[in-house]
Number of protein chains: 2
Amino acid sequence: MNPKETLKAHILKTATLNDKEFDYLFSYFKQQSFKKGQVVISEGDKVDHEYFVISGCLKAFFINDEIKMYILQFAMPTWWTSDYGALYNHTRATISVDCISDAEVLCLSNDDREKICSEIHQAEHFFRWRTNRGYLASQKRLLSFMNNDTKARYEELLAMYPQLYNLVPKHLIAAYLGVSRETLSRLYNAQK
Amino acid sequence: MNPKETLKAHILKTATLNDKEFDYLFSYFKQQSFKKGQVVISEGDKVDHEYFVISGCLKAFFINDEIKMYILQFAMPTWWTSDYGALYNHTRATISVDCISDAEVLCLSNDDREKICSEIHQAEHFFRWRTNRGYLASQKRLLSFMNNDTKARYEELLAMYPQLYNLVPKHLIAAYLGVSRETLSRLYNAQK
DNA sequence: TGCGGAATGTGATGTACATCACCTAAGTCC
DNA sequence: GGACTTAGGTGATGTACATCACATTCCGCA
């Protein structure tokens, strides 16, 4: 499926737009290609776009003072990613985004999103529901963090996204789970 | 400030509604009073309302298999609370909500919210931004969980909401931080 | 094709936290 | 106002994880 059809199918799941409206909306998106390892948003950047993933896999991550990385999100096809804190509050990026594999994305500016949302009620409806799903996912992950040990969270992650096992190096999985790579290694190499 | 004015001021911060539109929107809210300890949503309930806090403090929490409680949110005046997962997906409550103190709330059904959102574009706009803020807060808390130790998270919480220190028993603070009450007690009673 | 860096495995050791057990003080209810 | 419950403090002990150190394997690239 091409980028336009992918986005269309994605949006029509939650909003009702006719072809003309969708074409108008789509005209604000720019397609971009990235190579594996390429940086999309770097800490300190001015952030004014968000990204809809067509193919490949990106990661959104935070690096703390001790140069330790925590991954907030693996962004797979049909997922959206950016530093939303910086995007909405017009502050510099604290979250970085880069590419785990070659990737195709559709890119939309914050201003254009707000313009579309104010012009097309159903577009605003779509973005409300998209954020909603993100909120629920984040809350679920928070609960899992408090309630489950590392092993349970690891199995939960792989059950939800089996592709990650082959696609993503283990030290990045560890950075998503919030444990050291050594601990993760010991976990799934335990004899028992 | 009375409930109606409180809600109005809250909504007008992010949306543009004239008096007639706001009065119409407000007509869907029902006012409710709760006593300290009273239960608003109990695990297993059918959930069809969300709650806007006028006064007092509620908590939204999860209880795991070992009867350990984790607090997702302390809901203070002008905050919204519910089991949003259950509310949006029409499933039974896994999150419970009850009152830490006597409380006044305005209550809105899921159906009515969706009706209002489809009728008034600016209402949809408001609810998009509300969810947005929730999403960003949740993501921030997730990062804090991965990056900071308990002491730092405790100080972060009290710096952000100083009222909690007197309003909320310490074992509930511990349940919010995701540590045992013993650990929290030792933390701030340490001599050094 | 072979070199250098990245990814991964594994042992030794330290530490933050949980858990259990028990104690005291402060509500709260008939 | 005494009895019972709830909040909170503190010691002893166990454990899941981090950290450091080093070995090994993999893999892109000049």
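From a predicted model like this one, the values you see are computed outputs, not experimental measurements. For the numbers below, each heavy atom of this structure counts, side chains included, while hydrogens, waters and symmetry mates do not. The chains referred to below are lettered A, B, ... by the order of the sequence lines, with proteins before strands, and numbering in each begins at 1.
- Taking all atoms of both residues into account, the shortest heavy-atom contact from Gln139(A) to Leu72(B) is CG-CD2, 3.8 Å.
- In summary, the side chains of Lys115(B) and Tyr28(B) do present a donor paired with an acceptor at a separation below 3.5 Å, with no hydrogens or angles considered.
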Donor-acceptor list for residues 153-178 of chain A side chains, cut-off 3.5 Å, not counting sequence neighbours:
| from | atom 1 | to | atom 2 | distance (Å) |
| --- | --- | --- | --- | --- |
| Arg153(A) | NH1 | Asn148(A) | O | 3.3 |
| Arg153(A) | NH2 | Leu177(A) | O | 2.4 |
| Glu156(A) | OE1 | Ser144(A) | OG | 2.7 |

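- A heavy atom lying under 4.0 Å from DNA chain C marks the following residues of residues 156-177 of chain A, by number: Pro169(A), Lys170(A), His171(A).
- For the OP1/OP2 pair of dA18(C) and a distance below 4.0 Å, the side-chain nitrogens and oxygens of Thr183(B) include at least one atom meeting the criterion.
- Donor-acceptor pairing under 3.5 Å is lacking for the side chains of Glu21(B) and Gln122(B).
- Legend: side-chain hydrogen bond (donor to acceptor under 3.5 Å, both in side chains) pairs involving residues 90-101 of chain B, not counting sequence neighbours, sorted by first then second residue: Lys59(B)-Asp98(B).
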Distances under 3.5 Å only, N/O to N/O: pair up the protein atoms with those of nucleotides 20-30 of chain D.
| from | atom 1 | to | atom 2 | distance (Å) |
| --- | --- | --- | --- | --- |
| dC20(D) | N4 | Glu182(A) | OE2 | 3.2 |

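- Val39(A) belongs to no hydrophobic cluster, as no Ile, Leu, Val, Met, Phe, Trp or Tyr side chain comes under 4.5 Å of its own.
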What pairs of nitrogen or oxygen atoms, one from the protein and one from nucleotides 14-16 of chain C, lie under 3.5 Å apart?
none

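- Taking the salt bridge (charged side-chain N to carboxylate O under 4.0 Å, His left out) definition, one finds that Asp112(B) meets it with nothing, sequence neighbours left out.
- One atom, CD1 of Ile100(A), and another, P of dA7(C), lie 11 Å apart when rounded to the nearest Å.
- Contact between the side-chain N/O atoms of Tyr188(B) and the OP1/OP2 oxygens of dG9(D) is found at a separation under 4.0 Å.
- Closest approach of Pro3(A) to Leu106(A), counting heavy atoms only: O-CD1, 3.9 Å.
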- With ring pair (Phe, Tyr, Trp, His ring centres under 6.0 Å) as the test, would you mind laying out the steps for Trp79(B) and Phe52(B) before giving the verdict? CA-CA 6 Å; Trp79(B) 292 36; Phe52(B) 176 74; over 10 Å; no

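- Applying the salt bridge (charged side-chain N to carboxylate O under 4.0 Å, His left out) test to Arg141(B) and every residue at least two apart in sequence or in another chain returns nothing.
- Scored by the salt bridge (charged side-chain N to carboxylate O under 4.0 Å, His left out) test, Asp23(B) finds Lys4(B) as partners (sequence neighbours excluded).
- Among the atoms of the strands shown, none is found under 4.0 Å from any heavy atom of Gly37(A).
- End-to-end axis angle for the helix from dT1(C)-dA30(D) to dC30(C)-dG1(D), using five pairs per end and rounding to 10°, comes out at 50°.
- Residues from residues 55-74 of chain B that place a heavy atom under 4.0 Å from any atom of DNA chain C, listed by number: Lys68(B).
- In this structure, the CG atom of Leu184(B) is 12 Å from the C1' atom of dA7(D), given to the nearest Å.
- The aromatic rings of Trp80(B) and Phe126(B) sit tilted, their planes meeting at an angle between 30° and 60°.
- Take Asp48(B) and apply the salt bridge (charged side-chain N to carboxylate O under 4.0 Å, His left out) test, not counting sequence neighbours, and it matches Lys46(B).
- There is no side-chain donor-acceptor pair under 3.5 Å between Tyr51(A) and Gln32(A).
- Between Lys36(A) and Asp102(A) no salt bridge is recorded (no basic side-chain N to carboxylate O distance below 4.0 Å).
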